[in-house]
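In what follows, a single structure is set out as structure tokens and then discussed.
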Amino acid sequence: MPELPDVEVARRRLDHALRGATITRAHSADRRILRPKAPSALSRATKGRTVRDVSRRGKWLKVLLDDGGRLFSHLGMTGWWVERDASAPTERSERARIDVAREDGRNASARYLDSRRFGRLIVADHDIDEWSTLGPDPLVDGIDATALAATLAKSRRAIKDVIMEQTILAGVGNILATEALWHARIDPRSRSNALTRADVGKLVRGLGKAIGDELDVRMTADTDEWSDIFAVYGHAGRPCPRCGSRIARVVIGGRSTAFCKTCQVRRGTPAKTPRSRSKKRAI
DNA sequence: CGGCATGTTGCGCA
DNA sequence: TTGCGCAACATGCC
């Protein structure tokens, strides 16, 4: 369940399980997820080490060890960390585990679950490029609206596409982008460089609202179950919660995008509409 | 059975 | 060079 708020929840959970504890055993033999692919890579780099802290930037997690070693985790599409007792059985889709001995005497175990295996677990002794090249994280760094406006002015692409670019804003995925643009009343097809300074201000507030709302729900829920609290994401064909118009669906950058044609304003020229093929009108 | 899914990368074309 | 479109990855759910 990987977008910024979900990854932040995973970070807090991993931090709770691992920080200050000594790793007694670590294992993953999944050659699709683990880097380097050698099954011994995770264990060799982490066994006997103490966890300094767990941090996050965008959708990446970083476990920092006492010897400077690091473990980076990206959840892909279906990745997730859970905390268990070290004696708990292996569970469905479990791809990795990190067992620790804690000072409180508890033997905890962090388990990485990932059915589709699009996630990554990268062992390194330095920060990897995927981490270092990330743009500002809305929670860790905050969003500087003026700086963002300057960046957005450089591209003619659809605004939704641009804010999902991890080097521009770290952690914004399809759900957050869709929801934030609805909050900001901006049509996701708008050209990035056509937004006004006021639009960017609204977008920044929209992102904050979308992230905050989602984080609140994830933190107060006593389950990892998926809950649909969205205004428009996944709601194509249903009424807009704000104005009642029917929510439309388009594809931007290959990703399904829901929005309200009535209360979300379009900026810039309709990006060239090459072919208006009479594709099936879904819904 | 077909369609779709919270992410990322890489290729080909205009 | 920029901007897209699309396939691929692998699995589950409706």
Side-chain angles (χ1 to χ4, degrees), chain A residues 1-10 30-35 37 56-61 72-81 91-95 112-122 128-131 133-135 151-180 188-194 207 210-211 213-215 217-218 224-237 249-258 268-277 279-283:
Chain A
M1 334 203 119
E3 273 193 40
L4 192 154
D6 310 287
V7 183
E8 175 58 19
V9 171
D30 195 307
R31 294 172 59 79
R32 179 157 299 286
I33 292 172
L34 186 66
R35 297 294 144 80
K37 296 183 177 185
R56 178 193 63 74
R57 282 189 67 78
K59 302 168 190 172
W60 282 95
L61 291 165
F72 292 90
S73 166
H74 191 291
L75 306 178
M77 200 86 105
T78 52
W80 197 231
W81 285 95
E91 42 199 286
R92 189 159 69 106
S93 301
E94 183 178 308
R95 314 297 185 189
Y112 179 64
L113 316 179
D114 189 348
S115 62
R116 286 173 77 177
R117 295 194 288 158
F118 285 173
R120 288 288 181 275
L121 215 46
I122 303 177
I128 58 176
D129 283 352
E130 293 92 321
W131 171 274
T133 58
L134 290 170
T151 303
L152 297 185
K154 293 176 190 164
S155 172
R156 313 159 42 77
R157 294 159 53 202
I159 183 61
K160 172 164 176 278
D161 239 7
V162 177
I163 60 176
M164 285 176 64
E165 198 167 304
Q166 301 303 296
T167 53
I168 290 179
L169 280 180
V172 178
N174 203 30
I175 296 178
L176 285 182
T178 297
E179 292 290 297
R189 300 168 299 176
S190 298
R191 285 173 180 275
S192 178
N193 64 353
L207 283 162
I211 291 168
D213 284 358
E214 179 67 6
L215 197 52
V217 171
R218 305 295 292 160
D224 286 343
E225 291 302 301
W226 180 253
S227 60
D228 181 354
I229 57 153
F230 310 118
V232 291
Y233 176 81
H235 292 188
R249 175 189 181 273
V250 293
V251 174
I252 297 174
R255 314 301 296 278
S256 184
T257 306
T269 57
K272 77 171 178 180
T273 317
R275 55 204 169 289
S276 58
R277 52 182 166 188
K279 194 175 178 180
K280 276 188 300 186
R281 268 265 140 259
I283 305 175

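So that the names make sense, note that chain A is the first sequence line, chain B the second, and so on, each numbered from 1. If you're wondering where the values come from, they're calculated on a predicted model, not measured in any experiment.
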To the nearest 0.5 Å, how far apart are CZ in A:Phe230 and CG in A:Leu176?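 Reported to 0.5 Å precision, the distance equals 8.0 Å.
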Working to the nearest 0.5 Å, report the span between CG of A:Leu152 and CZ of A:Arg157. 10.5 Å
Over all heavy atoms of both residues, which pair between A:Ser192 and A:Val162 is shortest? Give the atoms and the distance, please.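 The pair with the smallest heavy-atom distance is CB-CG2, 3.8 Å.
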Which part of the nucleic acid, if any, lies within contact of A:Gly254, taking any heavy atom under 4.0 Å across all strands shown: a base, the sugar-phosphate backbone alone, or nothing?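 No contact.
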Looking across every strand, which nucleic acid part, if any, lies under 4.0 Å from A:Ser93 by heavy atom: base, sugar-phosphate, or nothing?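 Nothing, no heavy atom under 4.0 Å.
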With respect to the phosphate group of C:dT2, does any side-chain polar atom (N or O) of A:Ser155 fall under 4.0 Å of OP1 or OP2? no
Among B:dT6, B:dG7, C:dG3, the one nearest any side-chain atom of A:Ile175 is B:dT6
Nearest to the side chain of A:Pro2, which nucleotide is it out of B:dA5, C:dC9, B:dT6?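 Selected nucleotide (nearest to the side chain): B:dT6.
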How many Å lie between [atom1] on [X] and [atom2] on [N], as a whole number?
X        : N      : atom1 : atom2 : answer
A:Asp6   : B:dA5  : CG    : P     : 17 Å
A:Tyr233 : B:dT6  : OH    : C1'   : 6 Å
A:Arg117 : B:dA5  : CZ    : C1'   : 18 Å
A:Met77  : B:dT6  : CE    : P     : 6 Å
A:Arg218 : B:dT6  : CZ    : P     : 15 Å
A:Phe230 : B:dT6  : CZ    : P     : 10 Å
A:Asp228 : C:dC13 : CG    : P     : 18 Å
A:Ile168 : B:dG7  : CD1   : C1'   : 17 Å

When you compare the protein's N or O atoms with those of nucleotides 8-14 of chain B, which come within less than 3.5 Å of each other, and at what distance?
| unit_1 | atom_1 | unit_2 | atom_2 | d |
| --- | --- | --- | --- | --- |
| B:dT8 | OP1 | A:His74 | NE2 | 2.9 |
| B:dT8 | OP2 | A:Lys59 | NZ | 3.1 |

Using atom types as modelled and distance alone, determine if a side-chain donor or acceptor of A:Arg92 lies under 3.5 Å from a backbone N or O of A:Glu94.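 Not at all, since once roles are kept as given, no pair shorter than 3.5 Å links the two residues.
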Do the side chain of A:Gln166 and the main chain of A:Gly171 share a donor and acceptor less than 3.5 angstrom apart?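 Indeed, once roles are kept as given, a pair shorter than 3.5 Å links the two residues.
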Report the relative orientation of the aromatic rings in A:Trp60 and A:Phe72; use parallel for angles under 30°, tilted for 30 to 60°, perpendicular for over 60°.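 The arrangement is perpendicular - the two ring planes meet at more than 60°.
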For A:Glu130, is there an ion pair with A:Arg120 - N to carboxylate O distance below 4.0 angstrom? no
Wobble G-U and Watson-Crick pairs count when both distances are under 3.5 Å; given that, what is the 5' to 3' dot-bracket string of DNA chain C, with | for pairing to other strands? .||||||||.||||
Taking A:Leu75 as the fixed residue, which of A:Leu113, A:Asp114, A:Val7 is the one that meets the side chain to side chain contact (heavy atoms under 4.5 Å, CB included) rule? A:Val7
Using atom P in both nucleotides, what's the gap between B:dG3 and C:dC6 to the nearest angstrom? 15 Å
Sequence neighbours left out, what pairs pass side-chain hydrogen bond (donor to acceptor under 3.5 Å, both in side chains) with at least one residue falling in residues 170-180 of chain A?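 Output for this query lists A:Lys160-A:Asn174.
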